Amino acid sequence: MSSPSRRLQTKPVITCLKTFLISYSLIFWFTGVILLAVGVWGKVSLEAYFSLVTEHSTNAPYVLIGTGAVIVIFGLFGCFATCRGSPWMLRMYSMFLALVFLAELVAGISGFLFRHEIKAVLSSTYKDAVKHYNETGPISNAVDNIQRNLHCCGSDNYTDWGSTEYFKERGIPTSCCSDSLTCKPEALKDLSKAEKVVYHQGCVKLVTTVMESNLGIIAGISFGIAFFQVIGIFLACCLSRYITNNQYEMV
């Protein structure tokens, strides 16, 4: 049993730790909201690109969405555990923070590694998508979305469409048109005429740049928030130990 004087000396330390941990838990809760938003943004913004490389895609957005949602819940739990001053709740909170640290680290590494792999897989998959383009399937819709949004046409340039079955029947897709008013069906069926009405730049280079940039943001945020958990683990463990050793009870 601790002496009264020692308990009086320890009480300010515990109060200080509780203040820091409550502040941390509120920040932790807010990072959960950020992760949730970034995961949803990554899924929505990169959906067209992921659909082209399904077999090679990353699960980072899903990991971020799931982790963010759970963090929002446990951030509030952390505040409650700190206010209660319950050692077992604080230990549970620190264990959760450790799991979150690992999950975010995996998400960050996944996004970082995939960021460098896309150059190797995107060119072949995009060319295959152009070759089998039919205007109705999900992959074809992804090609149309990319060409409209990035203002590009074909893999390397608009002439890539000349060797496709779709071109023989209907010409270059209208998603390649730089101006819908001047882009007539007869022009799209002739490569020499199409040169004046479609985008000239190929899509592979642009898609690679967009994917690397966005996945780099996801990876960076994941790494940053992951190492932030170390502070929470330290505070929760210290507070739990002080409360247990000194038999401190909150009145």
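None of the values given here were measured: they were computed from a predicted structure.
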Notebook entry, point to check: Quick check: does any side chain N or O of S240 sit under 3.5 Å from a backbone N or O of C237, one acting as donor and the other as acceptor?
Noted result: no

Notebook entry, point to check: L239, I22: one ILVMFWY side-chain cluster at the under-4.5 Å cut-off?
Noted result: no

Note to self: Taking ring-ring contact (aromatic ring centres under 6.0 Å, His included) as the definition, give me every residue that meets it alongside F80, ordered by chain and number, with sequence neighbours left out.
What the structure shows: none

Check: Would you say V33 and I71 are hydrophobically clustered, going by side-chain heavy atoms of ILVMFWY under 4.5 Å?
Finding: yes

Check: Would you say the side-chain atoms of S178 pair up with the backbone N or O of V197, donor to acceptor, closer than 3.5 Å?
Finding: yes

Item checked: Nearest-0.5 Å distance, NZ of residue K205 to CG of residue D156 -> 11.0 Å

Item checked: Heavy-atom check, side chain of Y133 versus side chain of T164, under 4.5 Å -> no

Notebook entry, point to check: Where is the tightest heavy-atom contact between D144 and P173, given as atom of each residue plus distance?
Noted result: OD1-CB, 4.1 Å

Check: Just by distance, do the side chain of S23 and the backbone of T19 share a donor-acceptor pair under 3.5 Å?
Finding: yes

Notebook entry, point to check: Considering only heavy atoms from C-beta outward, does the side chain of I231 approach that of L235 to under 4.5 Å?
Noted result: yes

Notebook entry, point to check: Applying the 4.5 Å side-chain criterion to the ILVMFWY set and letting contacts propagate, would Y242 and M95 be lumped into a single cluster?
Noted result: no

Notebook entry, point to check: So with a 6.0 Å cut-off around CZ of F20, is the heavy-atom count from everything else above 12?
Noted result: no

Check: Run the side-chain contact (heavy atoms from CB on, under 4.5 Å) check on Q201 and L206 step by step: do they pass?
Finding: CA-CA 9 Å; Q201 188 169 3; L206 290 176; 3.6 Å; yes

Check: Does a side chain donor of either S25 or Y93 reach within less than 3.5 Å of an acceptor in the other side chain?
Finding: yes

Check: What are the two closest non-hydrogen atoms of I172 and Y166, and how far apart are they?
Finding: C-CE2, 4.4 Å

Next item on the list: Taking all heavy atoms of Q147 and all of G154, pick out the closest pair and write down the distance.
Entry: OE1-N, 3.1 Å

Check: disulfide (SG to SG under 2.5 Å) with C177: which residues, sequence neighbours excluded?
Finding: C183

Next item on the list: Begin with the C-alpha distance, continue with both residues' side-chain angles, and end with the deciding distance and a verdict on side-chain contact (heavy atoms from CB on, under 4.5 Å) for K193 and E186.
Entry: CA-CA 8 Å; K193 294 180 180 179; E186 56 272 15; 5.6 Å; no

Notebook entry, point to check: Is the shortest heavy-atom distance from the side chain of V70 to the side chain of F96 under 4.5 Å?
Noted result: yes

Item checked: Non-hydrogen side-chain atoms of Q229 and Y24 separated by less than 4.5 Å -> yes

Check: Quick one: are the C153 and C203 sulfurs under 2.5 Å apart?
Finding: no

Margin query: Please report the interatomic distance CD(E195) to OH(Y158), rounded to the nearest 0.5 Å.
Written below: 3.5 Å

Check: Going by atom types only, do N157 and Y199 share a side-chain donor-acceptor pair under 3.5 Å?
Finding: no

Next item on the list: Could you tell me whether W29 and F74 have their ring centroids closer than 6.0 angstrom?
Entry: no

Check: How many angstroms lie between CG in L17 and SG in C238, if you round to the nearest 0.5 Å?
Finding: 6.0 Å

Notebook entry, point to check: Below 4.5 Å, heavy atoms only, C-beta onward: do I34 and F30 meet side chain to side chain?
Noted result: yes

Note to self: I need the D179 CG to K196 NZ distance, nearest 0.5 Å.
What the structure shows: 14.5 Å

Notebook entry, point to check: What is the distance from atom OG1 of T82 to atom CD1 of I243, rounded to the nearest 0.5 Å?
Noted result: 8.0 Å

Margin query: With rounding to the nearest 0.5 angstrom, report the CG to OG distance, D160 to S155.
Written below: 4.5 Å

Next item on the list: Kindly give the heavy-atom pair with the smallest separation between M89 and R84, and that separation in Å.
Entry: CE-NH1, 4.4 Å

Item checked: Flag side-chain contact, heavy atom, 4.5 Å: L21 against K18 -> no

Next item on the list: Locate the shortest heavy-atom distance separating L26 from C79; write the atom from each residue and the value.
Entry: CD2-SG, 3.8 Å

Margin query: Can you confirm whether I146 sits close enough to C152 that some side-chain heavy atom of one is under 4.5 Å from a side-chain heavy atom of the other?
Written below: yes

Next item on the list: Could you state whether L99 and F77 fall into the same hydrophobic cluster, counting links through intermediate Ile, Leu, Val, Met, Phe, Trp or Tyr residues with side-chain heavy atoms under 4.5 angstrom apart?
Entry: no

Check: Which pair of heavy atoms, one from T244 and one from P87, lies closest together, and at what distance?
Finding: OG1-CB, 3.4 Å

Note to self: Counting C-beta onward and ignoring hydrogens, is there a side-chain heavy-atom pair between W161 and L188 closer than 4.5 Å?
What the structure shows: no

Next item on the list: Given salt bridge (charged side-chain N to carboxylate O under 4.0 Å, His left out), test E165 with K168 step by step and report yes or no.
Entry: CA-CA 5 Å; E165 292 296 324; K168 296 175 182 178; 3.5 Å; yes

